[in-house]
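Since the structure comes first, as structure tokens, the remarks are kept for the end.
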Amino acid sequence: MLHIAVCIKQVPDSREMRIDPKTNTLIRQGVPAIVNYFDLHGLEEALRIKDRFGARVTVLTMGPPSAEQALKQCISMGADEAVLVTDRAFAGADTLATSYVVAMTIEKIAETWGPVDIVFCGKQTLDGDTGQVGPGVACRLDMEQLTYVEKVEMLDPERREIIVHRHLEDGVERVKAPLPVLITALAELNRPRRASLPGVLRAVRYEPVVWTTNDFPNLDRSKIGLRGSPTIVAKSWVPEPKPVHTVTVEGATPDEVAENLFNRLYETDLPVKLGWGA
Amino acid sequence: MAELERAAETRETAAAQRRKPAVGLQPEGDVDWSQYRGVLVVVEQRGGIAKKVSWQLLGEARRLAAKLQVDVMALVIGHQVRHLAQEAIYHGADKVFLCDSSELRDYRTRPYSRVCLHVIRTYRPEIVLMGATYTGRDLAGAIATHLPTGLTADSTMLDVDENRLLLASRPAFSEKMLATILCKQFKPQMATARAGVYEALPRDETRTGEIIEVPPQMPPAEIAVEVLEFIETKNRVNLEDAEIIVAGGRGLGGPGPFKLLKELADALGGVVGASRAAVDLGWIGHEHQVGQTGTTVRPKLYVAVGISGAVQHVVGMQNSECIVAINKDPNAPIFKIAHYAIVGDLFQIVPALTRAALARRQGQAGSEVAASAGAVPAGAAASSRGGAKAELNV
Ligand SMILES: Cc1cc2nc3c(=O)[nH]c(=O)nc-3n(C[C@H](O)[C@H](O)[C@H](O)COP(=O)(O)OP(=O)(O)OC[C@H]3O[C@@H](n4cnc5c(N)ncnc54)[C@H](O)[C@@H]3O)c2cc1C
Ligand SMILES: Nc1ncnc2c1ncn2[C@@H]1O[C@H](COP(=O)(O)O)[C@@H](O)[C@H]1O
């Protein structure tokens, strides 16, 4: 049976994020946490494969103890098992340190429940927003990486082959790869399902498997957390919003409004830049 | 307590020595970072045509290299791409590494990243830049992990300080903030950089430089991934590169009125975008979505129609050069960031704009446009919705 690992991250719901106008810092308090948008598309695809071929789906996250809620949501949607990797020592990780711990976790998941055939990541996180963890994990696990996937065209568990469509700026690439692979999911991939009633009931009682640094005998402490992160945030600031001078365009009729707008636009250099001519 | 920890660490080191996991990659060879000099740009191309961002990055690399007093290097990988090595010199490179081989025709992570790793380890640039494109991000993520080194994603501002540190600034928290990222302990310092932000130098054929051939680093038989086909989507909404976007939101009230937007977009020579609300309601495909979970765009002209201006939408389009908003609610937040505000009913305003756009075009291009449009007077063409739209989209 196929074994699929799904990497998820709990992220602050940006709807609720505000900047404190006095201190110019981000207000994190009271911001609800959600499962990273793109990760749910990875989970959905894993569940579709499970529905079609039968598969074990293990979700995992590295995060604070509160990330248990995010894992429970994945269980309610139909994941079989959920692993929370949590330890103060993991805190402050950048993408290099994160991919190290996530890769170690997937290795341990493979040792515990059997070899992993497919790993799903999201295209990127809403907070980290790098899309670097997926490729990092693939590298460390020596798996092929198929990033920005918008469609799984074919999966053959017997021949251990997969064909996916990768989204690029100027087109779509059909790519064939042997398993195991790591896929990063785009929103176009699917529409995530709602939790089922039995799923919700299971999630209420479900306790995720919790691993700490002690559960990884081979762990290199110099590679985790803040210490294992080569990148440093030197400073962050709120960019001055570009002062926008808003011109209200009016007119007696819609056609007059339109005419006035174009007259305004032709007073600027925009038409020239757009090659609209004089 | 400390002793316990030390004991644990000794145990761990012993365990690590028994079985060196592949997951924990080590820097290879010497770590004398002072030998790392120069700025390397990895050129992205498809079918022998370079992505614009590559030349933009070479322009930026020249600026950084001048401050550091070092050379600009470029790496060109592909098949039949020798001309691009020459182009890279015209666009600012002093030294170009060229890896040209038939198995490198299509981008694939492993064979490409091995070439990059070879060049980086051999020629030791202190800074490596790539476009924050799909391919650039795919490749940079793999390389940075292998080296290993720090990688800043999607930077929109680059500089170096007196300690030769790369200051890579990037938007954070859905573009609400900017953060400057440093990588002090490892070399090279890597960053992917957003397209359209940095300035390319004028192409200069008098520039000279050195081209160094680099062999492929992976036997073709070992390359397991196969690109079956590339389907260029000519008609696909290419929001990333669009200069004009006409975007619609929930205010359209259904999928039908997107036709009005398409007509305006066609008349202006642009493409159609959408808010998430419109996408979630199934009125239009996700590929049209602008915003935090959609595409970040910075066209020259953005027309927001029936969009309220939620932050998640605004972060994805606020850097557009000129924003026109049409909304019937004078208090809609979108007006706060709009350069031109039209308070009114989109069902009246949008067709009027289309008519005006067509009239202007016809006025300018005169006979040419009239001929291709079948000489229909502008007003008539527009009023029979969808009439002459495609033909007029020059
Ligand atoms: C994690 C997260 C990520 C998100 N990511 C995105 C994203 O990437 N992109 C995005 O767009 N949203 C995103 N959203 C959703 C965002 O919060 C808003 O819900 C969404 O942008 C609203 O879309 P809208 O403006 O089309 O709809 P509404 O907010 O409903 O606005 C409709 C507007 O149309 C106007 N209107 C109605 N009828 C007419 C008429 N006849 N003529 C003129 N005007 C009219 C109304 O006055 C109103 O202002 C995200 C939300 C979350 C939580
Ligand atoms: N702490 C984490 N635990 C598990 N998976 C993660 C974590 N951080 C990132 N990922 C995965 O990597 C993807 C890309 O993240 P990022 O590189 O931060 O944009 C996410 O969509 C997740 O699938």
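Reminder, nothing fancy here: chain letters follow the sequence lines and each chain counts from 1. Remember, it's a predicted structure, so these values are computed and weren't measured experimentally.
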> Between Val225(B), Leu139(B), Thr180(B), Thr135(B), which has the largest tally of heavy atom pairs under 4.5 Å with chain A?
Replying inline: Thr180(B)
> At a heavy-atom separation under 4.5 Å, does Ser113(B) approach chain A through its side chain, its backbone, both, or neither?
Replying inline: neither
> Contact part of Met190(B) toward chain A, heavy-atom cut-off under 4.5 Å: side chain, backbone, both or neither?
Replying inline: neither
> Is it the case that more than 12 heavy atoms not belonging to Gln185(B) sit under 6.0 Å from its CD atom?
Replying inline: no
>> Given heavy-atom pairs under 4.5 angstrom as the criterion, report whether the side chain, backbone, both or neither of Leu167(B) touches chain A.
In response: neither
> Which bit of Lys336(B) comes within less than 4.5 Å of chain A, counting heavy atoms only: side chain, backbone, both or neither?
Replying inline: backbone
>> Does the plane of the ring in Phe262(A) sit parallel, tilted or perpendicular to the ring in Trp276(A)? Use 30° and 60° as the thresholds.
In response: tilted
> Quick one: what part of Asp255(A) sits under 4.5 Å from any heavy atom of chain B, side chain, backbone, both or neither?
Replying inline: both
> Do you know which of Thr248(A), Val137(A), Val175(A), Thr246(A) has the most heavy-atom pairs with chain B at a distance under 4.5 angstrom?
Replying inline: Thr246(A)
> For Asn36(A), what residues pass the side-chain hydrogen bond (donor to acceptor under 3.5 Å, both in side chains) criterion, not counting sequence neighbours?
Replying inline: Asp39(A)
> Below 4.5 Å, heavy atoms only, C-beta onward: do Lys151(A) and Glu188(A) meet side chain to side chain?
Replying inline: no
> Say you draw a straight line from CG of Leu268(B) to OG1 of Thr354(B); how long is it, rounded to the nearest 0.5 Å?
Replying inline: 7.5 Å
> Relative to chain A, which of Val343(B), Ile244(B), Ile323(B), Ile143(B) shows the most heavy atom pairs under 4.5 Å?
Replying inline: Ile244(B)
> Are a donor atom and an acceptor atom from the side chains of Asn190(A) and Glu44(A) found within less than 3.5 Å of each other?
Replying inline: no
> Of the backbone (N, CA, C, O) and the side chain (C-beta and beyond), which part of Glu250(A) lies under 4.5 Å from a heavy atom of chain B, both, or neither?
Replying inline: neither
> Checking heavy atoms, do the side chain of Val324(B), its backbone, both or neither come under 4.5 Å from chain A?
Replying inline: side chain
> Side chains of Ser99(A) and Arg140(A): do they bring a donor and an acceptor to under 3.5 Å?
Replying inline: yes
>> Is Ala234(A) in contact with chain B via its backbone, its side chain, both, or neither, using a 4.5 Å heavy-atom distance?
In response: both
> Any salt bridge between Arg227(A) and Asp220(A), counting N to O under 4.0 Å?
Replying inline: no
>> Shorter than 4.5 Å, heavy atoms on both sides: which option in Ala258(A), Pro178(A), Pro135(A), Pro230(A) has the most such pairs with chain B?
In response: Pro230(A)
> Heavy-atom distance under 4.5 Å to chain B: side chain of Val233(A), backbone, both or neither?
Replying inline: both
>> For the interface with chain A, which of Arg137(B), Arg108(B), Gln348(B) has the highest count of heavy-atom pairs at distances below 4.5 Å?
In response: Arg137(B)
> Using non-hydrogen atoms only, which part of Ala357(B) is less than 4.5 Å away from chain A: side chain, backbone, both, or neither?
Replying inline: both
> Of all of Arg166(A), Gln145(A), Lys273(A), which one pairs up most often with chain B through heavy atoms under 4.5 Å apart?
Replying inline: Gln145(A)
>> Under 4.5 Å from any heavy atom of chain A, what part of Glu321(B) do you find: side chain, backbone, both or neither?
In response: side chain
> Non-hydrogen atoms of chain B under 4.5 Å away: do they reach the side chain of Ile232(A), the backbone, both or neither?
Replying inline: both
> Any side-chain heavy-atom pair from Lys187(B) and Thr149(B) closer than 4.5 angstrom?
Replying inline: no
> For Thr295(B), what residues pass the side-chain hydrogen bond (donor to acceptor under 3.5 Å, both in side chains) criterion, not counting sequence neighbours?
Replying inline: none
>> Tell me whether Glu169(A) is salt-bridged to Arg46(B), with the criterion being a basic N under 4.0 Å from an acidic carboxylate O.
In response: no
> Quick one: what part of Ile163(A) sits under 4.5 Å from any heavy atom of chain B, side chain, backbone, both or neither?
Replying inline: side chain
>> Using heavy-atom distances under 4.5 Å, tell me whether Thr268(A) contacts chain B through its side chain, its backbone, both, or neither.
In response: side chain
>> Between Ala144(B) and chain A, with a heavy-atom cut-off of 4.5 Å, which part of the residue counts as in contact: side chain, backbone, both or neither?
In response: backbone
>> Taking every non-hydrogen pair under 4.5 Å, which of Asn260(A), Val181(A), Asn263(A) racks up the most with chain B?
In response: Asn263(A)
> Side chains of Thr192(B) and Asp154(B): is there a donor and an acceptor less than 3.5 Å apart?
Replying inline: no
> Distance only, no hydrogens: is a donor on one side chain within 3.5 Å (strictly under) of an acceptor on the other, for Glu44(B) and Thr133(B)?
Replying inline: yes
> Does a donor on one side chain sit under 3.5 Å from an acceptor on the other, for Glu173(A) and His165(A)?
Replying inline: no
>> Just so I understand: if I count every heavy-atom pair under 4.5 Å between each of Ile349(B), Ile342(B), Ile337(B), Leu151(B) and chain A, which residue has the most?
In response: Leu151(B)
